[in-house]
A.B. asks: 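Supplied in structure tokens, the structure appears directly below.
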Amino acid sequence: MDAFYASVEQRDHPACRGRPVIVGADPHGGRGRGVVSAASYEARTFGIHSALPISQAYRRCPEGVFLPVRMSHYQAVSAQIFQIFGRYTDLVEPLSLDEAFLDVTGSLRLFGSAEAIGRRIQAEILTETELRASVGIATNKFVAKVASDLRKPNGFVVVPPGQAAHFLQPLPIERLWGVGPKTAGRLRQMGLMTIGELAARPQLELAAALGPLGAHLWDLAQGIDVREVIPEEPAQSVGAETTFPEDTADPVRIRQTVLALSEGVARRLRVEAIQAGALTLKLRDETFQTQTRSVSLSEPTDQSQDIYRTALMLLERLPFSGRKVRLLGVTASRLSDLMGSGQQLSLEINPAGAKQRRLTEAVDRIHARFGKGAIRPASLLASS
DNA sequence: TCTGGGGTCCTAGGACCC
DNA sequence: TCTGGGGTCCTAGGACCC
């Protein structure tokens with residue numbers, strides 16, 4: 001999808017059409033702390049793009065329309081778009097809310113060429129959601145993705161079989177999937193600016209310089225990508241993190257935040273009927289130094305209290321620096337399905353655990369009936 | 001100039017096991 | 001008294017993606 005969040009907002013608010021729309025953190029008159037999540041094409045003419053600090057975006061275009069991220073709304077729109085994909089193939093691999101790979105190899109007999117399918121999907125998205133999408137068609141995932149990004153917005157790029165290397169050759173190395181700022185810097189030091197230049201070097205040279213990543217990048221530069229389109233897989237981790245509006249050293253505020261994050265993660269685990277086998281606490285201080293501490297749990301859990309207690313224990317494991325805290329995060333990993341894990345048994349023989357679980361179930365029912373925020377720990381009452 | 005929040009995957013060292 | 005080689009798991013950090 002093209003400028004997805006911003007396009008959804010322009011669709012929903014006609015007054016914003018034709019104007020620079022910036023979806024992201026609150027700019028707070030130029031003193032906001034977040035970044036831009038999405039910028040409309042009008043906003044991009046001011047040099048505004050995603051990941052740009054919101055304060056800079058404000059400076060570049062103070063008259064712009066700054067809107068908060070409405071994630072659950074975009075999720076609903078995303079579901080509508082993925083439903084359209086499902087009409088043409090079961091092999092849909094989501095890459096994000098607004099992007100997916102579709103393997104239509106098995107759909108050709110029914111719908112004609114890949115190009116015909118791409119055109120139909122693009123048209124159905126437009127008529128059913130009033131949103132524009134860009135399509136890339138190729139014989140593998142990497143080339144299709146590059147093709148889809150090339151002519152945004154409303155792009156449609158087909159790379160015929162056998163043409164991938166030729167198509168990629170003039171593009172900058174940053175277009176290679178997996179090349180970020182660090183790797184791009186190393187590649188430039190090797191004198192490599194374009195994908196074609198990288199492709200012309202011996203693969204062993206890349207592998208020697210960058211390890212397995214180098215060998216993989218060399219493959220991509222030739223237009224070789226053997227990765228399959230794999231339909232949605234269960235998540236590997238579930239986390240929540242937050243940046244304070246201003247750095248803080250207040251221990252009460254820090255504990256309250258850890259509690260709120262723990263509650264949020266635990267609720268998502270329960271909604272998805274999964275449990276955490278490991279937990280990680282993340283802390284970023286005022287100097288932007290980030291540290292993590294993690295543990296594997298002796299017993300998987302989806303209980304807020306378990307996660308909160310463990311997160312506090314991990315917090316105490318961090319060396320005391322005396323520096324203020326900028327960001328806190330709590331992440332659950334080693335996730336296991338609640339079904340058939342033997343988990344129930346061990347809970348039953350633990351009266352305190354059983355009581356805690358009944359309490360959680362009651363709280364979840366109150367949430368389901370009266371909405372988020374209807375009930376919360378007393379220590380969080382004042383904070384929102 | 002200031003750097004979000006949601007993730008994935010990889011690396012590297014140490015503990016531990018056979 | 002000195003110490004291999006294979007493997008797994010755990011933890012911390014980092015690069016990258018949208």
Side-chain angles (χ1 to χ4, degrees), chain A residues 1-6 22-28 30-39 47 49-60 68-69 71-72 74-75 78 93-101 141-142 145-146 148-149 152 174-187 210-217 220 227 230 232-247 261 264-265 268 277-298 314 317-319 326-335:
Chain A
M1 303 302 293
D2 302 325
F4 184 50
Y5 303 169
I22 299 101
V23 179
D26 186 337
H28 263 112
R31 287 170 287 108
R33 298 191 89 170
V35 300
V36 174
S37 286
H49 53 84
S50 30
L52 184 76
I54 201 76
S55 52
Q56 283 196 51
Y58 185 80
R59 255 167 266 155
R60 291 180 191 189
V69 177
M71 194 53 76
S72 55
Y74 311 140
Q75 278 167 353
S78 171
E93 178 177 330
L95 193 59
S96 65
L97 274 190
D98 73 324
E99 200 166 8
F101 294 111
K141 295 206 293 191
F142 167 61
K145 171 153 173 61
V146 174
S148 74
D149 285 331
K152 283 171 165 286
E174 286 85 354
R175 289 274 181 175
L176 289 168
W177 207 17
V179 173
K182 300 279 178 188
T183 309
R186 296 175 67 181
L187 291 171
L210 300 176
L213 174 69
H216 176 61
L217 293 178
L220 295 185
R227 290 171 295 183
I230 300 164
E232 190 163 10
E233 302 244 295
Q236 303 291 310
S237 64
V238 169
E241 63 183 56
T242 188
T243 296
F244 291 104
E246 65 288 322
D247 301 337
L261 293 167
V265 168
R268 282 179 56 201
L279 290 169
T280 302
L281 180 98
K282 174 170 160 183
L283 186 150
R284 176 172 292 152
D285 69 28
E286 57 187 330
T287 69
F288 217 72
Q289 184 190 222
T290 307
Q291 285 181 288
T292 63
R293 288 294 180 270
S294 55
V295 272
S296 289
L297 305 175
S298 54
L314 291 170
R317 276 211 219 157
L318 287 167
R326 179 188 179 93
L327 169 148
L328 288 170
V330 174
T331 296
S333 56
R334 304 211 181 163
L335 304 177

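A note on names: the letters A, B, ... follow the listed sequences, proteins ahead of strands, and every chain is numbered from 1.
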A.B. asks: If you count every heavy atom of other residues, nucleotides or ligands that lies below 6.0 Å from R317(A) atom CZ, does the total exceed 12?
C.D. replies: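 Yes.
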A.B. asks: Would you indicate which nucleotide in dC18(C), dG4(B), dG13(C) comes nearest to any side-chain atom of L95(A)?
C.D. replies: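 Taking heavy atoms from C-beta onward, the closest nucleotide is dC18(C).
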A.B. asks: Rounded to the Å, how far apart are L217(A) CG and dC10(B) C1'?
C.D. replies: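 So the two atoms are 13 Å apart, to the nearest Å.
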A.B. asks: Name the closest nucleotide to the R59(A) side chain, picking from dT1(B), dG5(B), dC18(C).
C.D. replies: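 My answer, after comparing the listed nucleotides, is dT1(B).
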A.B. asks: Please tell me which of the listed nucleotides, dT11(C), dG7(B), dG13(C), lies nearest to the side chain of S294(A)?
C.D. replies: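 Looking only at side-chain atoms, S294(A) lies closest to dT11(C).
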A.B. asks: Any idea which of dC2(B), dT11(C), dG7(B) is nearest the V238(A) side chain?
C.D. replies: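 Comparing dC2(B), dT11(C), dG7(B) against the side chain of V238(A), the answer is dG7(B).
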A.B. asks: From the set dG7(B), dG13(C), dG4(B), return the single nucleotide nearest to any side-chain atom of R293(A).
C.D. replies: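 The answer is dG13(C).
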A.B. asks: Within the pair R317(A) and dT11(C), is there a side-chain N or O less than 4.0 Å away from OP1 or OP2?
C.D. replies: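 Indeed not, no polar side-chain atom of R317(A) lies that close.
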A.B. asks: Under 3.5 Å for both pairing distances: what stems, at least three Watson-Crick or G-U pairs long, include DNA chain B?
C.D. replies: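 The stems are B:5-18 with C:5-18.
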A.B. asks: Considering every strand and a 4.0 Å limit on heavy-atom distances, what is the contact class for A278(A): base, sugar-phosphate, or nothing?
C.D. replies: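 No contact.
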A.B. asks: Syn or anti for dC2(B), please, going by whether the chi angle lies within 90° of 0.
C.D. replies: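 Judged by the O4'-C1' to base torsion, dC2(B) sits in syn, the angle falling within 90° of 0.
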A.B. asks: Is F288(A) stacked against the base of dC2(B), taking the criterion as centroid distance under 5.5 angstrom and interplanar angle under 30°?
C.D. replies: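 Answer is no, no stack.
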A.B. asks: Tell me which nucleotide among dG13(C), dC17(C), dC16(C) gets nearest to the side chain of W177(A).
C.D. replies: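 Of all the options, the side chain of W177(A) is nearest to dC17(C).
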A.B. asks: Distance check, P atoms only: dC2(B) and dA15(C), in whole angstrom units.
C.D. replies: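 Their P atoms lie roughly 23 Å apart.
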A.B. asks: For L327(A), which contact category applies under a 4.0 Å heavy-atom criterion: base, sugar-phosphate, or nothing?
C.D. replies: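 Touches sugar-phosphate only.
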